[in-house]
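Only heavy atoms go into these numbers, but all of them, side chains included; no hydrogens, no water, no symmetry mates. Please read all numbers here as calculations on a predicted model, not as lab measurements.
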Amino acid sequence: MSLLSDLINLNLSEYTTDKIIAEYIWIGGSGLDIRSKARTLTGPVNDPSKLPKWNYDGSSTGQAPGEDSEVILYPQAIFKDPFRRGNNILVICDAYTPAGEPIPTNKRHNAAKIFNQPEVIAEEPWYGIEQEYTLLQKDTNWPLGWPIGGYPGPQGPYYCGIGADKAYGREIVDAHYKACIYAGINISGINGEVMPGQWEFQVGPSVGISAGDEIWAARYILERITEIAGVVVSFDPKPIPGDWNGAGAHTNYSTKSMRNDGGYKIIEKAIEKLGLKHKEHIAAYGEGNERRLTGKHETASIEKFSWGVANRGASVRVGRDTEKEGKGYFEDRRPASNMDPYVVTSLIAETTILWKP
């Protein structure tokens, strides 16, 4: 095993080779499954436009029929590879037909069109996404640290808790944190969540389309680390029924106008727009969210839009500092943990910047 470990950790850049390994990453047919495969290229490469397009069998990912199965990968963003290291890279891609049309599960394409609108570019939308997730025991799909077939003590001591009886899986969380920093993802923090076995990482502030690229790259790295650890990661918004918190992806948002003096009025107008399009946003904010947005466990009811200052039971929360300073950002608390960040970030920008009610 020591030889195997040595080979896995072999740093190609230390040797006289111009070859690098590029791991092409894309989103599969479910909209949440992450797929990847690797190829050898001449490097180093830092610009995705310098990378070749590639293809894959879309009939094996639920994205194309068997008789016309070729799907084309377009490289869109590059991150350093924390697993192979050296000059090796992770490549976030989106998917197209051979004719150049985005396939139905390619949500990045439409998001990029929104973020490339002059009005949106001028507003420099910033996002900070709080990605919650649950670690599960591989053989039972029961949360890590929970007794098999049973339950831990009630919620209370686990949020930001420490100790072997409160924090389950910290070594995975810490490894992910450092790997994201190495990769160049703008990860801004981690913490243990209210339900034991549940954790959160935050990405941002990120501008425009990069928020989606960074969340998907961070999810990929987390999936790879849990694979190594023999643990399953779940993005289900309510993995355990009953008196347990669900998992969300609270999305913090601001525009240049909101961050400038007098921005609080712009924030209020933006929140009013979000309220008018509540149903449209809920439909785009993740599958199974009705199990989470019940009005309990720090959520608002899925049926009714609400907002408030420092209110974690509202659909949208405005921070005390933002209210005090008269400018800043707000938090949309409705997105589920399994949301597509391309969809959520671009829809928020479209509603608050482009839509004229």
Roughly how far apart are Ile121 CD1 and Glu124 CD, rounded to 0.5 Å?
10.0 Å
Polar side-chain atom of Asp57 near backbone of Glu70 as donor-acceptor pair, under 3.5 Å:
no
Under 3.5 Å, is there a donor-acceptor pair between the side chain of Arg292 and the main chain of Thr299?
no
Spatial distance of atom CD (Glu350) from atom CG (Asn110) [nearest 0.5 Å]:
7.0 Å
Just checking, is any N or O donor in the side chain of Glu214 or Asn186 under 3.5 Å from an acceptor N or O on the other one?
no
Please find the pair of heavy atoms, one from Ser346 and one from Ile114, that lie closest to each other, and give the distance.
O-CG2, 3.7 Å
Looking at Tyr133 versus Trp199, is the centre-to-centre ring distance below 6.0 Å?
no
Decide whether Glu193 and Asn191 meet the rule of one side-chain donor and one side-chain acceptor closer than 3.5 Å.
yes
Distance only, no hydrogens: is a donor on one side chain within 3.5 Å (strictly under) of an acceptor on the other, for Thr352 and Tyr253?
yes
Lys/Arg N to Asp/Glu carboxylate O, Lys327 vs Glu325, below 4.0 Å
no
Are Ile92 and Ile34 connected, step by step, through hydrophobic side chains (Ile, Leu, Val, Met, Phe, Trp, Tyr) whose heavy atoms are closer than 4.5 Å?
yes
Indicate yes or no: at least one non-hydrogen side-chain atom of Leu41 is less than 4.5 angstrom from one of Pro52.
yes
Would you please name every residue forming a side chain to side chain donor-acceptor pair (under 3.5 Å) with Asp236, sequence neighbours left out?
Arg291
Would you kindly say whether Glu130 and Asn252 are connected by a side-chain donor-acceptor distance under 3.5 Å?
yes
Is the side chain of Thr105 donor-acceptor paired with the backbone N or O of Ile103 at a distance under 3.5 Å, no angle test?
no
Working note: Ile221 + Phe79, criterion side chain to side chain contact (heavy atoms under 4.5 Å, CB included); need CA distance, chi angles, decisive distance, verdict.
CA-CA 11 Å; Ile221 291 170; Phe79 298 93; over 6 Å; no
Classify the ring geometry of Trp146 against Trp244: parallel below 30°, tilted from 30° to 60°, perpendicular beyond 60°.
tilted
Six-ring centre of Phe235, Arg219 cation under 6.0 angstrom, axis tolerance 45°:
yes
Verify, without hydrogens or angle tests, whether Glu123 (side chain) and Ser257 (backbone) share a donor-acceptor contact under 3.5 angstrom.
yes
For Ile148, does the CD1 atom have more than 12 heavy-atom neighbours from other residues, nucleotides or ligands under 6.0 Å away?
yes
Ile27 vs Tyr342, side chain to side chain contact (heavy atoms under 4.5 Å, CB included): CA-CA, chis, key distance, verdict
CA-CA 12 Å; Ile27 301 155; Tyr342 294 134; 4.2 Å; yes
For Trp126, I'd like to know if atom CH2 has over 12 heavy atoms of other residues, nucleotides or ligands within 6.0 Å.
no
Just so I know, are the side chains of His176 and Phe201 near enough to count as touching, which here means a heavy-atom distance under 4.5 Å?
yes
Check whether any side-chain N or O of Ser337 sits under 3.5 Å from a backbone N or O of Ala249 as a donor-acceptor pair, and report yes or no.
no
Under a 4.0 Å threshold between the charged nitrogen and the carboxylate oxygen, would Glu23 count as salt-bridged to Arg39?
no
Side chains of Asp94 and Trp26 in contact at under 4.5 Å (non-hydrogen atoms):
no
Under the criterion side-chain contact (heavy atoms from CB on, under 4.5 Å), which of Arg334, Lys279, Lys277, Glu272 is the partner of Phe305?
Arg334
Parallel, tilted or perpendicular: which fits the ring planes of Tyr158 and Tyr168, with parallel below 30° and perpendicular above 60°?
tilted
Looking only at non-hydrogen atoms, find the nearest pair between Pro48 and Ala77 and report the distance.
CB-N, 4.0 Å
Identify whether the distance between the nearest side-chain nitrogen and carboxylate oxygen of Asp81 and Arg84 falls below 4.0 Å.
yes
Main chain of Gly248, side chain of Glu132: is a donor-acceptor contact present, judged purely on distance under 3.5 Å?
yes
Indicate yes or no: at least one non-hydrogen side-chain atom of Ile190 is less than 4.5 angstrom from one of Glu200.
no
Is the side chain of Asn106 donor-acceptor paired with the backbone N or O of His109 at a distance under 3.5 Å, no angle test?
yes
pair Thr345-Phe115: side-chain heavy atoms closer than 4.5 Å
yes
Answer yes when Arg108 and Asp213 have at least one side-chain N-carboxylate O distance shorter than 4.0 Å, and no when they do not.
yes
Does any N or O in the side chain of Lys107 come within less than 3.5 Å of the main-chain N or O of Asp340, such that one atom is a donor and the other an acceptor?
no
Could you state whether Val207 and Ile266 fall into the same hydrophobic cluster, counting links through intermediate Ile, Leu, Val, Met, Phe, Trp or Tyr residues with side-chain heavy atoms under 4.5 angstrom apart?
no
Please say yes or no: joined through hydrophobic side-chain contacts below 4.5 Å, possibly via intermediate residues, are Val231 and Leu32 part of one cluster?
yes
Identify whether Met339 and Val203 are in the same connected component of the hydrophobic contact network (ILVMFWY, side-chain heavy atoms under 4.5 Å).
yes
Say whether Arg259 and Ser254, considering side chains only, have a donor N or O and an acceptor N or O under 3.5 Å apart.
yes
Can you check whether Lys19 reaches Thr42 side chain to side chain, under 4.5 Å on heavy atoms?
yes
Steps toward side chain to side chain contact (heavy atoms under 4.5 Å, CB included) verdict (Tyr329, Tyr127):
CA-CA 9 Å; Tyr329 69 98; Tyr127 298 90; over 6 Å; no
Atom of Ala284, atom of Val344 and distance for their closest heavy-atom approach:
O-CG2, 4.0 Å
Measure the CG-CD1 distance between Leu90 and Ile21 for me, rounded to the nearest 0.5 Å.
11.5 Å
One thing to verify: whether Lys356 and Glu119 come together as a salt bridge, which I'm taking to mean a side-chain N less than 4.0 angstrom from a carboxylate O.
yes
Whether Lys37 engages the ring of Tyr24 as a cation-pi pair (distance to the six-membered ring centre under 6.0 angstrom, angle to the ring normal within 45°) should be assessed.
no
Okay, side chain of Gln198, backbone of Gly246: is any donor-acceptor separation there less than 3.5 Å?
yes
Compute whether any side-chain donor of one residue and acceptor of the other, for Glu303 and Ser301, lie under 3.5 angstrom apart.
no
How far apart are the closest heavy atoms of Ala22 and Val91, and which atoms are they?
CB-CG2, 4.2 Å
Val71 reachable from Leu51 in the ILVMFWY side-chain graph, under 4.5 Å edges:
yes
Closest approach of Ile209 to Ala111 (non-hydrogen atoms, all atoms of both residues)
CD1-CB, 3.7 Å
Under 3.5 Å, is there a donor-acceptor pair between the side chain of Thr322 and the main chain of Val318?
no
Report yes if some heavy atom in the side chain of Ile78 is under 4.5 Å from a heavy atom in the side chain of Val45; otherwise report no.
yes
Do Lys265 and Glu268 sit within salt-bridge range, that is, some charged N less than 4.0 Å from a carboxylate O?
no
Do you know which two heavy atoms are closest between Pro82 and Ala183, and how far apart they sit?
CD-CB, 4.4 Å
Exceeds 12 heavy-atom contacts within 6.0 angstrom, atom OH of Tyr96:
yes
Quiz question: by atom type and distance under 3.5 Å, do the side chains of His281 and Thr351 form a donor-acceptor pair?
yes
Test log, rule side chain to side chain contact (heavy atoms under 4.5 Å, CB included), inputs Gln155 and Asn245:
CA-CA 8 Å; Gln155 296 183 152; Asn245 273 37; 3.1 Å; yes
Any non-hydrogen side-chain atom of Tyr182 less than 4.5 Å from a side-chain atom of Lys80?
yes
